[in-house]
Amino acid sequence: MGLNHAALDSVEFADPHQGFRQDVLCGLSGASKTLAARCFYDHRGSELFEAITRAPEYYLTRTELAILEKYRSAIAASVGDNCVLIELGSGSSRKIRCLLETLKPKTYIPVDISGEYLRQSICALQSSYPWLDIQAICGDFDDIVELPPEFRRHRMLVYYSGSSIGNLKPDDAEKFLRRWCRMIGPKGMMLIGVDTKKDRLVLDRAYNDSQGLTAAFNKNLLHRINRELDGNFKTSLFEHRAEYDDREGCVKMYLVSTSHHSVQVDGRRFTFRAGERIHTENSYKYSIQEFGNLVRLAGFVCRDVWCDEKNLFSVHCLGSPVPGA
Ligand code: AVI
């Protein structure tokens, strides 16, 4: 989809149902069963993710927020005034508050797949910042292939927070960065939160929190299939599993069937063996250097990297290469 004015005039509510159906039927039909990570984010999934971000073990969100707070003047100095701020996967729009207050952008464009959640976040933001021009997009930002040319009169700043880039395989992350590098043009910038490599115990705890929020988030996929695709998953027959794969530098998340049984989804039958897994998410972690290499391959220049004191998380500020440099 090209991002156009009609889409910017108001909140657009696309119908995510068809995409979800296709993701599920296709993912469960393969030799190794998978469900695309974007399927997590129905209204309930977004609520559960928001709860995860507040869990004591899930250090990512609060660490990124602290980095933004600490380096807000440096960010403002790099970006300047009057930018068009595009937030990909805006969710609750919690982290953006610091950037809105610091940068006072000309326009803020949150993009999120979860329509009702997006609507609620915009209402809250608009009442906190009555001066702010908000033009929201409801949909999958992977479908955006062009931005309106008049945006190029302003600096476009794309904010992609929370290490969501880690949910893509490195090759796809590179393609994603290359596409946004092209779309935002020579004056454009990207601010991107990236989770770093660290002790596996810290990662194990973050993805297996003691309140069971991550397990509920993972299992909500099955509830969502039951709700939206006339499925009959018995969620008690699946266990949440999240484990760090050292070789790939990635936390992999699964739903593991505890018995041999069959399930109906949208009139089709799927059989699970005892111990069979549905792969639901990858969460890649990058050293500063590894991410710097990825960014360069994609055509960006890394202008700044900010970290917390324990190097748990990093925020990279990317721009275009200076011609002739
Ligand atoms: C959205 N994304 C960056 C989260 C992550 O950490 O990979 C999703 C998540 N999955 C389990 N907990 C949080």
Side-chain angles (χ1 to χ4, degrees), residues 1 12-53 55 89 91 112-120 138-143 164 166-169 172 207-209 211-243 245 248 250-284:
M1 121 178 123
E12 289 263 298
F13 290 96
D15 173 15
H17 183 75
Q18 277 316 318
F20 178 60
R21 181 176 176 278
Q22 202 180 328
D23 280 344
V24 170
L25 296 181
C26 197
L28 294 183
S29 302
S32 312
K33 295 184 175 65
T34 58
L35 287 169
R38 62 176 163 264
C39 296
F40 280 126
Y41 300 96
D42 67 342
H43 189 72
R44 181 68 189 136
S46 297
E47 279 178 345
L48 284 165
F49 179 61
E50 178 62 20
I52 290 172
T53 65
D112 204 281
I113 203 162
S114 179
E116 196 42 43
Y117 212 70
L118 182 61
R119 192 198 298 267
Q120 285 172 11
C138 180
D140 187 343
F141 50 75
D142 283 338
D143 295 338
S164 294
N167 296 138
L168 300 175
K169 292 195 167 149
D172 293 330
Y207 290 84
N208 295 283
D209 65 277
Q211 296 170 74
L213 294 165
T214 314
F217 173 70
N218 203 5
K219 283 194 176 187
N220 179 58
L221 274 172
L222 306 182
H223 288 296
R224 181 176 181 195
I225 294 172
N226 288 350
R227 282 192 295 267
E228 294 185 26
L229 297 176
D230 199 19
N232 66 352
F233 272 104
K234 282 204 180 80
T235 57
S236 56
L237 296 182
F238 287 85
E239 278 172 2
H240 161 75
R241 185 170 304 161
E243 52 200 24
D245 179 333
E248 286 196 50
C250 175
V251 175
K252 297 187 175 177
M253 212 156 81
Y254 303 94
L255 287 163
V256 186
S257 166
T258 54
S259 66
H260 189 282
H261 71 289
S262 294
V263 174
Q264 296 276 342
V265 177
D266 201 39
R268 289 175 51 180
R269 192 177 136 103
F270 298 96
T271 302
F272 292 87
R273 300 182 308 274
E276 186 174 354
R277 306 186 298 190
I278 310 174
H279 183 188
T280 54
E281 190 179 61
N282 287 322
S283 201
Y284 283 87

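These figures come from a predicted structure and were not determined experimentally.
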Exercise for review: Mind listing the closest non-hydrogen atom pair of T214 and Y207 along with its distance?
Suggested key: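 In terms of heavy atoms, the two residues are closest at CG2-O, 3.6 Å.
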- Query: Closest approach of L213 and A55, non-hydrogen atoms and distance?
  - Reply: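 Shortest heavy-atom contact: CD1-CB, 4.1 Å.
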Suppose we screen for salt bridge (charged side-chain N to carboxylate O under 4.0 Å, His left out). Which residues come up paired with D209, at least two apart in sequence or across chains?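 Once residues adjacent in sequence are excluded, D209 has no partner under the salt bridge (charged side-chain N to carboxylate O under 4.0 Å, His left out) criterion.
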Do [X] and [Y] touch side chain to side chain, with heavy atoms closer than 4.5 Å?
X	Y	value
R224	V24	no
H43	Q120	yes
V265	N226	no
N167	S283	yes
N282	E248	no
M253	H279	no
N232	V263	yes
R277	L255	no

If you round to the nearest 0.5 Å, how far is CG of L221 from CZ of R44?
->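 That separation rounds to 13.0 Å.
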Quiz item: What distance do D245 atom CG and K252 atom NZ have between them, rounded to the nearest 0.5 Å?
Solution: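 Nearest 0.5 Å value for the CG-NZ distance: 4.0 Å.
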* Does the ring centre of F40 sit less than 6.0 Å away from the ring centre of F217? ->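 When the ring centroids of F217 and F40 are compared, they turn out to be within the sub-6.0 Å range.
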Open item on the list: salt bridge (Lys or Arg N to Asp or Glu O under 4.0 Å) for K169 and E281? Distances and angles first, verdict last.
Closed with: CA-CA 10 Å; K169 292 195 167 149; E281 190 179 61; over 6 Å; no
Main-chain N/O of S259 paired to S257 side chain as donor or acceptor, under 3.5 Å
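Checking the backbone N and O of S259 against the side chain of S257, a donor-acceptor pair under 3.5 Å is found.
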Side-chain atoms of residues 25-39: list all donor-acceptor pairs with protein atoms under 3.5 Å, sequence neighbours left out, distances to 0.1 Å.
{"unit_1": "S29", "atom_1": "OG", "unit_2": "L25", "atom_2": "O", "d": "2.5"}
{"unit_1": "S29", "atom_1": "OG", "unit_2": "R268", "atom_2": "NH2", "d": "3.1"}
{"unit_1": "K33", "atom_1": "NZ", "unit_2": "T271", "atom_2": "O", "d": "3.0"}
{"unit_1": "K33", "atom_1": "NZ", "unit_2": "E276", "atom_2": "OE2", "d": "2.7"}
{"unit_1": "R38", "atom_1": "NE", "unit_2": "D23", "atom_2": "OD2", "d": "2.8"}
{"unit_1": "R38", "atom_1": "NH2", "unit_2": "D23", "atom_2": "OD1", "d": "2.9"}

Point to revise | Verdict with reasoning, F272 to F238, per ring-ring contact (aromatic ring centres under 6.0 Å, His included) | key: CA-CA 10 Å; F272 292 87; F238 287 85; 5.2 Å; yes
Problem - cation_pi(R241, Y254) dist<6.0 Å, angle<=45 - result: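 Checked: cation-pi criterion not met.
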